[in-house]
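This report refers to the structure that appears directly beneath it.
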Amino acid sequence: QVQLVESGGGLVQAGDSLRLSCAASGRTFSSNGMGWFRQAPGKEREFVAAISWNGANIYYADSVKDRFTISRDNAKNTVTLQMNSLKPEDTAVYYCAAQQLRYSGAYLRARDKYAYWGQGTQVTVSS
């Protein structure tokens, strides 16, 4: 059994920062790739950021590049998304996800390669 729990969402103003955390428990695959996705009302769930099993390879969506930072601590089974300079278009439910296999490269961006998902945490950015 694998469980992922997100925390840190909230209501902020444009330009503010938030730090999202994801804690893994039970039998986990936190040594594999992990990522963050988000889903806004009326839109499909989209890739935000991903990090490989050893943290050596990191990927960001163009829309968040230079504003968001993903990191992981395998000893603590956690992954973090630091979000700076938030914009109203960042408003969405943010999901933590973990891959079942050790994919690499473009597979870290692919939603269908993630087998485990958290319940999501709401991020709302007002203008």
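Along the sequence shown, residues are numbered consecutively beginning with 1.
- Smallest separation of non-hydrogen atoms from Q39 and K43: NE2-O, 3.2 Å.
- Formation of a donor-acceptor pair under 3.5 Å by the Q119 side chain with backbone atoms of E6 is found in this model.
- Listed by chain and number, the residues in a ring-ring contact (aromatic ring centres under 6.0 Å, His included) with Y114 are F37 (sequence neighbours excluded).
- Cluster annotation: L4 is not connected to F47 through the hydrophobic network of ILVMFWY side chains, with a link wherever side-chain heavy atoms come within less than 4.5 Å.
- The shortest side-chain heavy-atom distance between M83 and D90 does not fall under the 4.5 Å cut-off.
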Which side-chain N or O atoms in residues 57-64 pair as donor and acceptor under 3.5 Å with protein atoms at least two apart or in another chain?
{"unit_1": "Y60", "atom_1": "OH", "unit_2": "I70", "atom_2": "N", "d": "2.9"}
{"unit_1": "D62", "atom_1": "OD1", "unit_2": "K65", "atom_2": "NZ", "d": "3.2"}
{"unit_1": "S63", "atom_1": "OG", "unit_2": "R38", "atom_2": "NH2", "d": "3.4"}

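- Y103 is linked by a ring-ring contact (aromatic ring centres under 6.0 Å, His included) to Y107, counting only residues two or more places apart in sequence or in another chain.
- Counting only residues at least two apart or on different chains, the salt bridge (charged side-chain N to carboxylate O under 4.0 Å, His left out) pairs with a member in residues 108-120 are E44-R111.
- Connectivity analysis of hydrophobic side chains (ILVMFWY, heavy atoms under 4.5 Å, direct or indirect) links V5 to nothing; its cluster partners are none.
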>> With side-chain contact (heavy atoms from CB on, under 4.5 Å) as the criterion, how do W36 and C96 come out once you've worked through the C-alpha distance, each side chain's angles and the decisive distance to 0.1 Å?
In response: CA-CA 5 Å; W36 288 93; C96 174; 4.0 Å; yes
For residues 8-23, run the donor-acceptor check on the side chains, cut-off 3.5 Å, and write out each pair with its distance to 0.1 Å, sequence neighbours left out.
{"unit_1": "D16", "atom_1": "OD2", "unit_2": "Q13", "atom_2": "N", "d": "3.1"}
{"unit_1": "S17", "atom_1": "OG", "unit_2": "N84", "atom_2": "OD1", "d": "2.9"}

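- Contact check for Y95 versus R45: side-chain heavy atoms found under the 4.5 Å cut-off.
- Screening residues 97-127 for disulfide bond (SG atoms under 2.5 Å apart), with sequence neighbours left out, gives no hits.
- Side-chain heavy atoms closer than 4.5 Å link hydrophobic residues (I, L, V, M, F, W, Y) into clusters, and following such links, possibly through other members, connects W117 to L108.
- No donor-acceptor pair under 3.5 Å is formed between the side chain of D73 and the backbone N or O of V79.
- Considering only residues two or more places apart in sequence or on other chains, R102 meets the salt bridge (Lys or Arg N to Asp or Glu O under 4.0 Å) condition with none of them.
- In the hydrophobic cluster analysis, where Ile, Leu, Val, Met, Phe, Trp and Tyr join through side-chain heavy atoms closer than 4.5 angstrom, Y94 is grouped together with M34.
- Here the side chain of N32 pairs a donor or acceptor atom with the backbone of Q100 at under 3.5 angstrom.
- Under the 3.5 Å distance criterion, the side-chain polar atoms of Q3 are left unmatched by any main-chain donor or acceptor of A24.
- When atom types are taken as modelled, the side chain of S127 and the backbone of P88 share no donor-acceptor pair closer than 3.5 angstrom.
- Every side-chain hydrogen bond (donor to acceptor under 3.5 Å, both in side chains) that T124 has, sequence neighbours left out, goes to Q122.
- Not a single side-chain hydrogen bond (donor to acceptor under 3.5 Å, both in side chains) links T121 to another residue, sequence neighbours left out.
- Sorted pairs that involve residues 76-87 and meet salt bridge (charged side-chain N to carboxylate O under 4.0 Å, His left out), not counting sequence neighbours, are lacking altogether.
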